[in-house]
Amino acid sequence: VDTQVAPRFECFSLKIEPEDAAIDVACSLPSLVDPEVSVLIREEYIEPYSGDATGLVGGPPRTIQQATVPGRTPVGALMSCRVAFGVLWKSIGGKLVAAADWAPFNVRVTADKDEISTILGQSEIVPVDTYVQRYGVQP
């Protein structure tokens with residue numbers, strides 16, 4: 001799979017400062033006492049689009065961006081890249097996930113067990129210390 005992919009993927013970095021906005025939490029969050037923190041990684045890939053092209057912007061060749069667990073990219077993928085797209089907090093009190101959605105700048109925060117199960121089923125779960133060792137970044 002091609003590794004020169006940056007121009008073909010939409011990537012956005014987010015930085016939120018505490019004073020930027022008041023965030024209302026409308027759901028009941030678990031009590032996370034001394035949580036284990038992990039980074040969620042998925043492999044995003046581009047493959048040829050074979051559906052109805054009516055209403056699509058741009059010309060051929062038409063492609064679509066998908067995601068899967070790292071290492072499971074389909075043979076027909078034109079290119080792929082691994083993306084750290086979320087964070088998992090896990091403790092005796094429960095789990096909380098903050099993960100990027102497909103819409104730009106849309107971050108989903110959930111404590112819902114079914115949603116978390118779906119997100120984790122599409123992810124490689126990497127403890128923060130392992131992530132730092134693997135990618136050489138400072139938290």
Side-chain angles (χ1 to χ4, degrees):
V1 176
D2 188 354
T3 57
Q4 302 298 316
V5 299
R8 293 179 169 72
F9 285 88
E10 291 185 89
C11 297
F12 301 92
S13 295
L14 297 177
K15 180 179 180 183
I16 299 174
E17 296 293 336
E19 63 274 5
D20 282 349
I23 300 173
D24 291 326
V25 179
C27 63
S28 174
L29 298 178
S31 174
L32 298 173
V33 178
D34 197 24
E36 297 174 22
V37 181
S38 298
V39 177
L40 303 178
I41 298 175
R42 67 183 177 200
E43 190 157 356
E44 295 185 5
Y45 61 93
I46 295 174
E47 65 182 350
Y49 179 72
S50 58
D52 181 11
T54 304
L56 293 181
V57 176
R62 301 205 192 295
T63 58
I64 188 168
Q65 187 171 335
Q66 306 277 9
T68 189
V69 176
R72 294 190 187 164
T73 304
V75 175
L78 303 173
M79 57 197 62
S80 71
C81 64
R82 291 187 181 196
V83 177
F85 78 102
V87 178
L88 165 68
W89 292 270
K90 179 180 172 183
S91 77
I92 289 180
K95 295 178 184 175
L96 180 68
V97 166
D101 200 353
W102 284 104
F105 307 111
N106 190 19
V107 176
R108 183 169 204 71
V109 178
T110 185
D112 182 82
K113 291 178 182 180
D114 291 335
E115 282 188 73
I116 290 175
S117 179
T118 298
I119 292 167
L120 298 183
Q122 302 168 352
S123 311
E124 176 184 1
I125 303 166
V126 181
V128 168
D129 57 342
T130 303
Y131 181 84
V132 170
Q133 289 173 0
R134 186 185 295 177
Y135 298 103
V137 297
Q138 296 300 314

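Since the model is a prediction, treat every value here as computed from it, not as a measurement.
- P35 approaches S91 most closely through the heavy-atom pair CA-CB, 3.8 Å.
- Atom CE in M79 sits 13.5 Å away from atom CD in E44 (nearest 0.5 Å).
- Annotation: the span from R42 atom CZ to T73 atom OG1 amounts to 12.5 Å, rounded to 0.5 Å.
- Hydrophobic clustering (ILVMFWY, side-chain heavy atoms < 4.5 Å, transitive): V128 and Y135 are in one cluster.
- Between I116 and T110 the shortest heavy-atom distance is CD1-O, 3.6 Å.
- Annotation: side chain of P48 is in contact with side chain of L78 (closest heavy-atom distance under 4.5 Å).
- In the hydrophobic clustering of ILVMFWY residues, with side-chain heavy atoms under 4.5 Å counting as a link, V39 and V109 come out together.
- Legend: salt bridge (charged side-chain N to carboxylate O under 4.0 Å, His left out) pairs involving residues 47-73, not counting sequence neighbours: none detected.
- Taking P70 as the reference, I41, E43, R82, E124 meet the side-chain contact (heavy atoms from CB on, under 4.5 Å) condition, with sequence neighbours excluded.
- Residue pairs satisfying the salt bridge (charged side-chain N to carboxylate O under 4.0 Å, His left out) criterion with at least one member in residues 107-116, sequence neighbours excluded, are listed as follows: R108-E115.
- Checking side-chain atoms of S123 against main-chain N and O of I119 turns up a donor-acceptor pair under 3.5 Å.
- Distance check: K95 NZ to W89 CH2 gives 14.5 Å after rounding to the nearest 0.5 Å.
- Contact check for I125 versus L40: side-chain heavy atoms found under the 4.5 Å cut-off.
- From S80, atom OG reaches atom CD of Q66 across 13.0 Å, with rounding to the nearest 0.5 Å.
- Using a 4.5 Å cut-off between side-chain heavy atoms of Ile, Leu, Val, Met, Phe, Trp and Tyr, with links allowed through other members, L88 and V69 fall into different hydrophobic clusters.
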